[in-house]
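We're numbering straight along the sequence, starting at 1. Because the structure is a prediction, the values reported are computed rather than measured. Each ligand, and each atom within it, is numbered from 1 in the order the structure gives.
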Amino acid sequence: MASPYEKLPRIPRYNEIVGKITRRYRKLIEGSRGKIRGARRARAYEINKLNTVYNIVSNELKKIVYSLPFIDRIHPFYRDLLDVLVGYKDYKDAVTRLARALKLVDKIYRSYLELVKTAPTLREAKRYRREGIGRIMSVLKRNRKYIDFLADNIPRLRKIPSIDPEKPTIIVAGMPQVGKSTLVKKISTASPEIAPYPFTTKSLVLGHIRINDYLVVQAIDTPGLLDRPLEDRNPIELQAIMALKHLKGVIVYLFDVSRNCYYSIEEQARVFEDIVKRFDKPIVVALNKIDDVDEEKFEKIKGYLLSKGIGKVFTISAAKGYGVNELLEHVLKVIKETLS
Ligand SMILES: Nc1nc2c(ncn2[C@@H]2O[C@H](COP(=O)(O)OP(=O)(O)OP(=O)(O)O)[C@@H](O)[C@H]2O)c(=O)[nH]1
Ligand SMILES: [Mg+2]
């Protein structure tokens with residue numbers, strides 16, 4: 001399963017739908033000018049008019065109701081993101097209202113079709129046709145707000161990357177420039193995808209690691225998300241970040257121990273503790289850029305981690321590949337333990 005929002009259709013606004021109806025209707029009238037002779041043809045013409053309006057309204061509503069995922073069936077990861085981007089309640093309300101509108105339009109159409117067909121006179125058939133179309137259009141108009149809401153907001157959901165929340169996931173965290181993307185690229189067995197994520201301007205690297213025929217593990221980095229203290233975040237950002245807790249798997253936290261690392265040990269430790277506190281997930285720690293190590297920093301961080309009771313720490317160079325296999329093996333072991 002990938003993003004449920006990947007293949008969403010474009011939803012037209014209310015005015016666009018009305019415009020389409022007006023154009024088709026006019027075409028129908030122009031196309032039949034001078035051709036409607038005899039009572040049977042005249043009645044067929046009335047039916048045709050009713051059909052034209054009904055078909056457009058019903059198709060547009062169906063497109064919305066049948067293609068948008070039903071909120072309660074969306075995985076919590078994607079549901080949380082939908083909530084931050086669109087609003088859970090408004091989305092649910094709009095889809096529910098339009099589903100009801102679709103049923104109502106069908107009902108009106110069926111009964112008026114019957115009336116137009118069986119009216120004793122052509123005059124009455126015309127009157128029913130007019131009334132039927134009027135009622136269908138008024139249902140559409142009453143739901144204008146919901147149609148426009150979805151038309152305006154659904155495109156935002158496409159910004160959500162195709163992460164499979166059912167697949168085990170390695171979430172790579174750490175402050176900016178510590179080497180998250182480099183690590184994801186290094187451990188991926190296929191070329192990684194670059195995807196946007198809500199509320200960060202940076203792209204996220206999404207890699208896949210094929211373990212065997214049955215097991216594929218995802219690896220994602222979290223630029224602009226898990227890279228500074230969570231208490232500095234506004235509630236919306238925080239919700240987008242916390243959606244990550246619904247992904248199965250392990251967090252790999254990277255410390256940068258290089259000489260030209262921009263962040264202090266204290267800053268890196270603060271973000272680390274924040275993540276430990278907020279995420280109920282196994283966390284594996286790796287000290288990166290060992291090829292350019294600042295010995296003093298390195299020892300300090302190890303001491304700090306030990307004081308936190310973390311004895312198992314990997315030292316790696318994501319860029320050069322040192323220690324990466326050992327790290328990955330351990331992470332996969334932890335993943336297997338969490339799966340069983
Ligand atoms: N010397 C050394 N440099 C590294 C290593 N890993 C990454 N770098 C460099 O560190 C810089 C940042 O690496 P990225 O992988 O882009 O870091 P990031 O954490 O994804 O950065 P953001 O996306 O900005 O948060 C790049 O210039 C990398 O080449 C390493 O193991 N050793
Ligand atoms: Mg990056």
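When only interatomic distances are considered, the shortest N/O to N/O separation between G179 and ligand 1 falls below 3.5 Å. For the pair I290 and ligand 1, the shortest N or O to N or O distance does not fall below 3.5 Å. Note: an N/O pair closer than 3.5 Å links K289 and ligand 1 by distance alone. The N/O atoms of D292, backbone and side chain alike, include none that comes under 3.5 Å of an N/O atom in ligand 1.
With a 4.0 Å cut-off on non-hydrogen atoms, T182 touches ligand 1 through its backbone as well as its side chain. The part of N288 lying near ligand 1 is the side chain, judged by heavy-atom distances below 4.0 Å.
Proximity of atom 31 (O) of ligand 1 to the protein is indicated by at least one non-hydrogen atom lying closer than 4.0 angstrom. Within a 4.0 Å radius of atom 14 (P) of ligand 1, the protein has at least one heavy atom.
Using modelled atom types, one finds a donor on one side chain and an acceptor on the other under 3.5 Å when comparing Y109 with N51. A side-chain N or O of T121 and one of E124 form a donor-acceptor pair less than 3.5 Å apart. Side-chain contact of T22 with R26: a donor-acceptor pair under 3.5 Å is absent, judged by distance alone. Remark: the Y91 side chain and the N153 side chain contain no N/O donor-acceptor pair separated by less than 3.5 Å.
The backbone N or O of K167 lies less than 3.5 Å from a partner atom in the side chain of T169, making a donor-acceptor pair. In this structure a side-chain-to-backbone donor-acceptor pair under 3.5 Å is present from Y78 to I163.
What sits closest to atom 25 (O) of ligand 1 on the protein, heavy atoms only, is K180 NZ, 2.7 Å. Counting protein heavy atoms only, atom 1 (N) of ligand 1 is closest to D291 OD2, 2.9 Å. For atom 11 (C) of ligand 1, the closest heavy atom belonging to the protein is Q177 OE1, 3.6 Å. Atom 23 (O) of ligand 1 has P223 CB, 3.8 Å as its closest protein atom, hydrogens excluded (heavy atom only).
At a cut-off of 2.8 Å, S181 coordinates the Mg ion (ligand 2) through an N, O or S atom.
R130 has no carboxylate O lying under 4.0 Å from a charged side-chain N of E46, or vice versa, which leaves the two without a salt bridge. We find that R13 and D152 are joined by a salt bridge, their nearest charged nitrogen and carboxylate oxygen being less than 4.0 Å apart. K27 and E30 are not joined by a salt bridge, as no carboxylate oxygen comes within less than 4.0 angstrom of a charged side-chain nitrogen. Note on D93 versus R97: salt bridge recorded, some NZ/NE/NH1/NH2 to OD/OE distance being below 4.0 Å. Under 4.0 Å is where a charged nitrogen must lie from a carboxylate oxygen, and between D72 and R79 no such pair does.
Ligand-side atoms of ligand 1 in range of P176: 25 (O), range being under 4.0 angstrom from any heavy atom. Ligand 1 places these atoms under 4.0 Å from at least one heavy atom of S317: 30 (C), 31 (O), 32 (N). Near S181, meaning under 4.0 Å from any of its heavy atoms, are these atoms of ligand 1: 15 (O), 18 (P), 20 (O).
For A318, the closest heavy-atom approach to ligand 1 falls below 4.0 Å.
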